[in-house]
Amino acid sequence: MLGSEDEFKCCTRDFLFTCVNLLSFLLDIGLDIWAAVSLYKQEAYVYFSLLLLFLLGSSMLVQVYSWLWYRYDDFKMKTKIEKKPSQCQLKLLHVFQLGIFFRYAGVMEKSVQSLYRKRADAESVAKFLRQDLRILRFIETFSESAPQLALMLTIILDKCRLDPVTVLKAIGSTLSIASFLTTYDHSMRTFLPEKEKHHMISLVFYFIWNLVLISSRIAALALFASVLPCFIFAHFICSWLVLFFFAWRSKTSFMDDPRGEWLYRTTVGLIWYFNWFSVAKGMRIRSVLYHAYILIDICILCGLWCWKMSTDPPDFVTHPLTTAACVVAVYVLGLLFKVIYYTFFHPNLDKDKLKGATITEEQPEDEERSHSVPTRPLKATDNKRMRKLAENFFC
């Protein structure tokens, strides 16, 4: 039983947040389908193909991670829904891109139990399961939402007109990325002492500098892709190889086997193409080098765009140099906001004080009634994937 009114309020809040998260996920899928159909009807087959590539590629990547994590956990399921399919059926669910929905079903089962049955163990299991979902959504954010946003901005620049669907997707993706990074950072602090949590003003600053940095980076990529579309792929491959090399040199240890770790480093290179996040201890100097590299890259991309505009100026761009300078200035402004955040608003951290809230693995109801011996308690930090990220995220 939940022992206090505060715990019940927290349970209700987490349940509502899970529902909102699920609805936003379904809404994003609906908008993706809408955008794909619109591009197909407009006979923009190249953009349509790229959008499908981003959607399917991201979905497949997320399903691979989901399946590997089930395997790493020896298929020890913590919900009744997850226990129903066999390993073969579970693999088929992931092959048909339904693995993340399956995980949502398990979280919703435990969330409903904790809310209506007032079961503390169910809420603890739900919190445990939400951590894996957050990591999967984090991967999806930079393998789907960020590339899709760059594509939508490129379409706007290429067509020289504001299509409602494209603009809606662009705005939604930008806000979604920045807000998700903010909530993701906040969720990391469940592994840290209560006193280390964000205040509202620190959350606002965190949201702002992420929004500004991501907007500038993706705007530079879109400007470059709008005038030199073929070279954007070469730019991505070359940049990714450099970033992948540094991910490898960072000696990450997130996955449980070597092949999974190489997949993770590949993913880190993809994420770093758009935004920074720490993957190992002692990354502060590398963070400075990363932002310097990205700033130089943005300057080069905007410079090439200006050169192309000067040789073949379109009617809708009257001051290309001013536009390019604004994009670069916005990134510098984002770095300034980030420095202000870490100087004045970033909570002091003690990563050795990881929280030890306990959760228990579920037993069948008949076993719960007939056995008085409790199962081995698990700790929230037993979610080793989230714990590893939390230990390195704030370095």
Side-chain angles (χ1 to χ4, degrees), residues 53-76 87 90-100 102-103 131-148 150 177 180-181 184 188 217 221 232-287 289-291 293-294 297 382-395:
L53 176 63
F54 296 152
L55 297 177
L56 294 178
S58 173
S59 179
M60 292 174 64
L61 182 64
V62 168
Q63 302 301 322
V64 169
Y65 274 104
S66 177
W67 168 255
L68 286 176
W69 293 346
Y70 274 127
R71 198 185 71 185
Y72 293 163
D73 295 337
D74 296 324
F75 299 99
K76 293 179 181 178
Q87 289 187 22
L90 183 62
K91 182 180 288 188
L92 285 176
L93 283 173
H94 284 81
V95 169
F96 288 105
Q97 311 302 299
L98 298 174
I100 194 167
F102 190 62
R103 286 182 177 272
Q131 308 296 358
D132 281 343
L133 267 178
R134 286 192 180 104
I135 303 174
L136 292 175
R137 291 301 304 274
F138 182 80
I139 295 170
E140 181 190 42
T141 295
F142 290 101
S143 60
E144 177 192 326
S145 298
Q148 189 179 141
I177 293 170
F180 178 79
L181 286 175
Y184 182 78
M188 285 290 185
R217 174 60 174 169
L221 293 172
I232 190 64
F233 298 103
H235 176 267
F236 168 74
I237 295 298
C238 294
S239 298
W240 175 83
L241 287 173
V242 172
L243 297 170
F244 170 74
F245 172 78
F246 280 100
W248 168 58
R249 294 298 299 167
S250 298
K251 298 179 180 179
T252 60
S253 58
F254 178 64
M255 305 291 277
D256 289 359
D257 64 73
R259 288 181 296 179
E261 196 60 41
W262 283 112
L263 174 66
Y264 175 66
R265 290 166 182 169
T266 300
T267 307
V268 169
L270 171 62
I271 295 172
W272 279 351
Y273 184 70
F274 297 101
N275 192 52
W276 169 259
F277 84 110
S278 182
V279 296
K281 295 179 180 180
M283 297 289 288
R284 292 185 180 179
I285 295 178
R286 297 188 184 187
S287 173
L289 294 175
Y290 168 84
H291 285 299
Y293 168 79
I294 294 297
D297 189 55
D382 281 347
N383 190 323
K384 53 189 176 182
R385 288 177 286 275
M386 200 68 171
R387 186 178 70 248
K388 286 179 181 178
L389 289 180
E391 290 171 349
N392 299 323
F393 191 77
F394 305 104
C395 293

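Excluded from the calculations below are hydrogen atoms, water molecules and symmetry mates; all remaining heavy atoms, backbone and side chain alike, are included.
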Give me the ring orientation class for W276 and Y290: parallel if the planes are under 30° apart, tilted from 30 to 60°, perpendicular past 60°.
tilted

Could you walk me through whether I177 and N275 pass the side chain to side chain contact (heavy atoms under 4.5 Å, CB included) test, one step at a time?
CA-CA 10 Å; I177 293 170; N275 192 52; over 6 Å; no

Under the salt bridge (Lys or Arg N to Asp or Glu O under 4.0 Å) definition, can you give me all pairs with a residue in residues 53-68, not counting sequence neighbours?
none

Decide yes or no on side chain to side chain contact (heavy atoms under 4.5 Å, CB included) for V268 and L243, but give the supporting numbers first.
CA-CA 8 Å; V268 169; L243 297 170; over 6 Å; no

Parallel, tilted or perpendicular: which fits the ring planes of F236 and Y273, with parallel below 30° and perpendicular above 60°?
perpendicular

Quick one: does S250's side chain have a donor or acceptor within less than 3.5 Å of a partner on F246's backbone?
yes

Listed partners of S66 passing side chain to side chain donor-acceptor pair (under 3.5 Å), at least two apart
H94, R103

The complete set of salt bridge (Lys or Arg N to Asp or Glu O under 4.0 Å) pairs with one or both residues in residues 138-147, sequence neighbours excluded, reads R137-E140

With sequence neighbours left out, the residues meeting side-chain contact (heavy atoms from CB on, under 4.5 Å) with V95 are K91

Side-chain contact test, heavy atoms from C-beta onward, threshold under 4.5 Å: evaluate it for Q131 versus R134 and give yes or no.
yes

Intermediate values then yes/no, ring-ring contact (aromatic ring centres under 6.0 Å, His included), W69 and Y65
CA-CA 6 Å; W69 293 346; Y65 274 104; 5.7 Å; yes

With a 4.5 Å cut-off on side-chain heavy atoms, are W272 and S239 touching?
no

The complete set of salt bridge (Lys or Arg N to Asp or Glu O under 4.0 Å) pairs with one or both residues in residues 233-248, sequence neighbours excluded, reads none

Backbone of K76 reached by a side-chain donor or acceptor of D74 within 3.5 Å:
no

Kindly check if the number of other-residue, nucleotide or ligand heavy atoms within 6.0 Å of CG (L241) is above 12?
yes

Nearest-0.5 Å distance that lies between atom CH2 in W262 and atom CH2 in W248
6.0 Å

Residues which pass side-chain contact (heavy atoms from CB on, under 4.5 Å) with D297, listed by chain and number, not counting sequence neighbours:
R217, H235, L301

Nearest 0.5 angstrom please: F254 CZ to E261 CD, how far?
8.5 Å

Give the intermediate values and the outcome of side chain to side chain contact (heavy atoms under 4.5 Å, CB included) for residues Q148 and L55.
CA-CA 8 Å; Q148 189 179 141; L55 297 177; 3.6 Å; yes

Kindly write out the residues that satisfy side-chain contact (heavy atoms from CB on, under 4.5 Å) with S143, not counting sequence neighbours, or none if the list is empty.
S58, L61, I139, L270

For Y293, which residues count as a ring pair (Phe, Tyr, Trp, His ring centres under 6.0 Å) partner, sequence neighbours excluded?
none

Please test F277 against L181 for side chain to side chain contact (heavy atoms under 4.5 Å, CB included), starting from the C-alpha separation and ending with a verdict.
CA-CA 10 Å; F277 84 110; L181 286 175; over 6 Å; no

Can you list everything that forms a side-chain contact (heavy atoms from CB on, under 4.5 Å) with F75? Sequence neighbours excluded, please.
W67, Y70, R71, M77, Q87, L90

